Novice: 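Pasting a structure below so you can have a look.
One is the number of the first residue; the rest follow in order along the sequence. No experiment lies behind these values; they were computed from the predicted model shown.
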Amino acid sequence: NSFGGNIALVTNLPSDRFEGGVDLLYGDYDRTMASGFVNLPLSRGLAVRFAGAVEQRGPYIESLTTPRASYDDLNHQYVRGTLRWAPEGMDN
């Protein structure tokens, strides 16, 4: 139980098969977003998974008094990697 709410982030673990995916988005204020992942099995019981994203958006607010000034634009990037090692006989 939680009065304020609960946030749970669950990521996919690396698996023993090659796979990947990409998502693309374009929206208002020149918003662009690209995210993707790749899962690479390196050997039996050893795999790595990378995921990342880039998001950019133009500003919602432009100044009328200061030339070329704008506010609330967005520019985010991230990358994450996970390594999974499951020796034979110990794989869950």
Novice: Please tell me if the side chains of Val48 and Thr82 come closer than 4.5 Å, counting only heavy atoms from C-beta onward.
Specialist: no

Novice: Side-chain donor-acceptor contacts of residues 27-34 below 3.5 Å, not counting sequence neighbours, with atom names and distances?
Specialist:
from  : atom 1 : to    : atom 2 : distance (Å)
Asp30 : OD1    : Tyr26 : OH     : 2.7
Arg31 : NE     : Glu55 : OE2    : 2.9
Arg31 : NH2    : Glu55 : OE2    : 2.9

Novice: I want to check something: taking the side chain as every heavy atom from C-beta on, are Leu13 and Arg49 in contact at a cut-off of under 4.5 Å?
Specialist: no

Novice: Grab the two heavy atoms, one from Ala53 and one from Ser35, that are nearest each other, plus how far apart they are.
Specialist: CB-CB, 3.7 Å

Novice: Please check if Phe37 and Leu42 belong to a single hydrophobic cluster, counting links between Ile, Leu, Val, Met, Phe, Trp and Tyr side chain heavy atoms closer than 4.5 Å.
Specialist: no

Novice: Between side-chain atoms of residues 15-24 and protein atoms elsewhere (two or more places apart, or another chain), which donor-acceptor pairs fall under 3.5 Å?
Specialist:
from  : atom 1 : to    : atom 2 : distance (Å)
Ser15 : OG     : Asn39 : ND2    : 3.3
Arg17 : NH2    : Glu19 : OE1    : 2.9

Novice: Verify the cluster assignment for Leu83 and Leu40: are they in a single hydrophobic cluster under the rule of side-chain heavy atoms below 4.5 Å apart?
Specialist: yes

Novice: Atom CD of Gln77 and atom CD of Gln56: how far apart are they, to the nearest 0.5 Å?
Specialist: 6.5 Å

